[in-house]
Number of protein chains: 2
Amino acid sequence: MADVAKLAGVSSQTVSRVANGQSGVVESTREQVLAAMRELGYRPNSAARSLRYGRFNTLGVILFGLSSTGNSRTVEAIATQAAAAGYAITLIPVGVPTQDNVLGAFTRMGELAVDGVIVIIEVHLLDAATVALPPGVHAVVVDSDAGERYQVVDTDQADGTRQAVRHLLELGHPTVWHIAGPAESYSAERRAQAWRAVLEETGRPVPPIGRGDWSAESGYRAGLSLPDECTAVFVANDQMALGVLRALHERGRRVPEEVSVVGFDDIADASSYLPPLTTVHQDFAEVGRRCVHALLEQIGSGVAAPGTDLVPTHLVVRGSTAAHRSVS
Amino acid sequence: MADVAKLAGVSSQTVSRVANGQSGVVESTREQVLAAMRELGYRPNSAARSLRYGRFNTLGVILFGLSSTGNSRTVEAIATQAAAAGYAITLIPVGVPTQDNVLGAFTRMGELAVDGVIVIIEVHLLDAATVALPPGVHAVVVDSDAGERYQVVDTDQADGTRQAVRHLLELGHPTVWHIAGPAESYSAERRAQAWRAVLEETGRPVPPIGRGDWSAESGYRAGLSLPDECTAVFVANDQMALGVLRALHERGRRVPEEVSVVGFDDIADASSYLPPLTTVHQDFAEVGRRCVHALLEQIGSGVAAPGTDLVPTHLVVRGSTAAHRSVS
DNA sequence: GTCGGAAATGTTTGCGTAAACATGTGGGCG
DNA sequence: CGCCCACATGTTTACGCAAACATTTCCGAC
């Protein structure tokens, strides 16, 4: 900056004013400064800026992985929304979501150049009081039930599940089987609980639960283990549903004629599955938007407002569900 | 920091030494300082650190979107690898990859707190000399042919395509149709060129090319337009291949008995498609690793080494391809 | 006892920026 | 014609940290 000032024949303060587009600089001077900037390839040093302002204009995102279905879309929405507000986002990946690793990420994050963090670890470790964010850090948590201690943005998992299960029951299926996600996952647990609740409320038998790890492959394995009397399955995400479709196909059970399948997420591919998948639509982008909005508000006001913000879901009926026909 | 120093009864320099784990601090003093840090919840200010050191320990990633299949996996690998080297990564999303937007991102990036950038915009704008990174910025570009001006890490698109097309020809198909990605995409063009080259080398007729936008939905539409005489299709990515499978299914054309389909990417779901998809495996994680490695080296040495680093690909044969049987 | 030297700790300084304050310069108005 | 004010620009300072240098302390050797 000093070099620019010298070349333009002005003080560094004037350069600063030009760089920030402040008024009070006469046009001819501005031109000179801009020319000097171009010539020297001047670019402001954001570290110094941050130091001066005490803010980084950066948000951190702590996540377990981008590969899991919705995360990348949520992160994308966060990035877009943050960019619109003049914030950059920094990714803090946590390899394996063990307690130690998560704690480690929180610690590192504390030293990172961020004004606040969004936590998307998908694992209900935050519920345990042993794992806590450093005090004084502005944070918004996605998909957790730590709503009493943190500001939480969550998809309305329970409602989406209810819609899915009721849809199947209304089609005349005697009951609905369930293939859940990993037990450590908060979302998986929520969906499983809601599934069980609907069955119990309506007096249906509750079949044993299947488990997968969100991957299509695990869904395939779970699908192979489904008993023959099963005529309706609610699968905890679309990718596992894809695996279930394949398993049922290999076993010669036609979908939807013999078995109805419902997924969760409504990823872009779901409408191209064979058959196109009936699934619960989740608005990842909206989750991202609300996270950023809530976090920026928290940073701006300086106070956290614990509580849970639920983003609605809705069932999208496609070709993988049909009315139950009793075995003739 | 000054507060900690006062509370511990030492100078701020000693606090600094403790914070950085330097030697030359007697145990009792260290204890006191650590205690004071804990009590005050002290966390070092990374802006000041960066300002002092002149480095941010942060890499920027300029990308078009995380939704496109491989990007999220590449970014994940980048994040993991960077974290291992003590670097954080900052995402710089570019909404629509127009020239203006990309230029804008480059400009913003110049002001960002990063030591270098990885560009994953998937669009061959960088080839045009009109769009250039700010001079003096350390950069590595993914999937581009700007290898003469930048350091490029690329998947061996051409070789993967050759393997795919030859595989189909060896199965006895008279020729191979192609459904390409968007014309703006560098990868799409590379794959289309390689496909055409193999057909020409082997003296096969070159059928008209189909186009999609990488989405399953667009693959579905392209699949509906395939003529009846088509017995083998090479689709530019797995998601479009999924759409093609659906289109063929709806048209009553059996895969692989009547039509063989090959995809590209080998995403996790591909093995669960109906039928499991034969596809070209791409090592996204390796791409990410090499990017980070190359970039860190460039930052360390201060000099760029333009050139292209090709990550190999290989064909994974599954159930969507079979020997050609002449129409009887 | 004194001196040298090593180890522990303190002091000064500058990284690049922008706010706050200081200075200069010109024009309008009484 | 002089005064004052508005506006353009310059100077000083502090942000938090750590390198470089300065000082203190303590120990052993003579």
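Just so it is clear, the structure is predicted and the values come from calculations on it, not from any experiment. Letters A, B, ... are given to chains in the order of the sequence lines, protein chains preceding strands, and every chain is numbered from 1.
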Inset, instruction - Would you mind telling me which residue lines up with the more 5' stretch of DNA chain C, B:Thr29 or B:Arg52, judged by nearest nucleotide? - result: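 Whichever sits nearer the 5' end wins; that is B:Thr29.
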Inset, instruction - Starting from the 5' end of DNA chain C, give me the residue, B:Arg17 or B:Ala48, whose nearest nucleotide shows up first. - result: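 Its nearest nucleotide being more 5', the pick is B:Arg17.
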Inset, instruction - Compare the minimum distances between each of C:dG10, D:dA19, D:dG16 and the side chain of B:Asn45, then state the nucleotide with the smallest one. - result: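 The answer is D:dG16.
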Legend entry - Residue B:Val26, side-chain heavy atoms: nucleotide from D:dA18, C:dA8, C:dA18 that is nearest: C:dA8
What nucleic acid atoms does [X] come within less than 4.0 Å of, heavy atoms only: base, sugar-phosphate, or nothing?
| X | result |
| --- | --- |
| A:Ser12 | nothing |
| A:Val10 | sugar-phosphate |
| B:Ser16 | base |

Inset, instruction - Report yes if at least one side-chain N or O of B:Tyr53 is closer than 4.0 Å to OP1 or OP2 of D:dA19; otherwise report no. - result: yes
Inset, instruction - State whether A:Ser50 places a side-chain N or O below 4.0 Å from either non-bridging phosphate oxygen (OP1 or OP2) of D:dC15. - result: no
Inset, instruction - Please round to the nearest 0.5 Å and tell me the distance separating atom CG of A:Leu59 and atom CD1 of A:Ile78. - result: 8.5 Å
Take the protein atom [atom1] of [X] and the nucleotide atom [atom2] of [N], then report the distance between them rounded to whole Å.
| X | N | atom1 | atom2 | result |
| --- | --- | --- | --- | --- |
| A:Asp3 | C:dG16 | CG | C1' | 12 Å |
| A:Asn20 | C:dA20 | CG | P | 14 Å |
| A:Arg55 | D:dC15 | CZ | P | 17 Å |
| B:Met37 | D:dG16 | CE | P | 15 Å |
| A:Arg49 | D:dG16 | CZ | P | 18 Å |
| B:Glu27 | C:dT9 | CD | C1' | 16 Å |
| A:Lys6 | D:dG10 | NZ | P | 15 Å |
| A:Glu31 | D:dT9 | CD | C1' | 17 Å |

Between [X] (side chain only) and [Y] (backbone N and O only), is there a donor and an acceptor less than 3.5 Å apart?
| X | Y | result |
| --- | --- | --- |
| B:Asp115 | B:Thr58 | yes |
| B:Asn20 | B:Gln22 | no |
| B:Ser50 | B:Ser46 | yes |

Do the side-chain N and O atoms of [X] and [Y] include a donor-acceptor pair separated by under 3.5 angstrom?
| X | Y | answer |
| --- | --- | --- |
| B:Asp143 | B:Ser187 | yes |
| A:Thr90 | B:Thr90 | yes |
| A:Arg190 | A:Tyr186 | yes |

Inset, instruction - Five pairs at each end of the helix from C:dG1-D:dC30 to C:dG30-D:dC1: take the axis at both ends and give me the angle between them to 10°. - result: 60°
Legend entry - 5′-ward residue of the pair B:Leu51/B:Gln13 relative to DNA chain D: B:Leu51
Inset, instruction - Confirm from the modelled atom types if A:Arg43 and C:dG16 form a donor-acceptor pair under 3.5 Å, side chain to base only. - result: no
Inset, instruction - Could you pull out all residues at least two apart from A:Arg290 that satisfy salt bridge (Lys or Arg N to Asp or Glu O under 4.0 Å)? - result: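 Partners of A:Arg290 by the salt bridge (Lys or Arg N to Asp or Glu O under 4.0 Å) criterion, ordered by chain and then number, come out as A:Glu286, A:Asp309.
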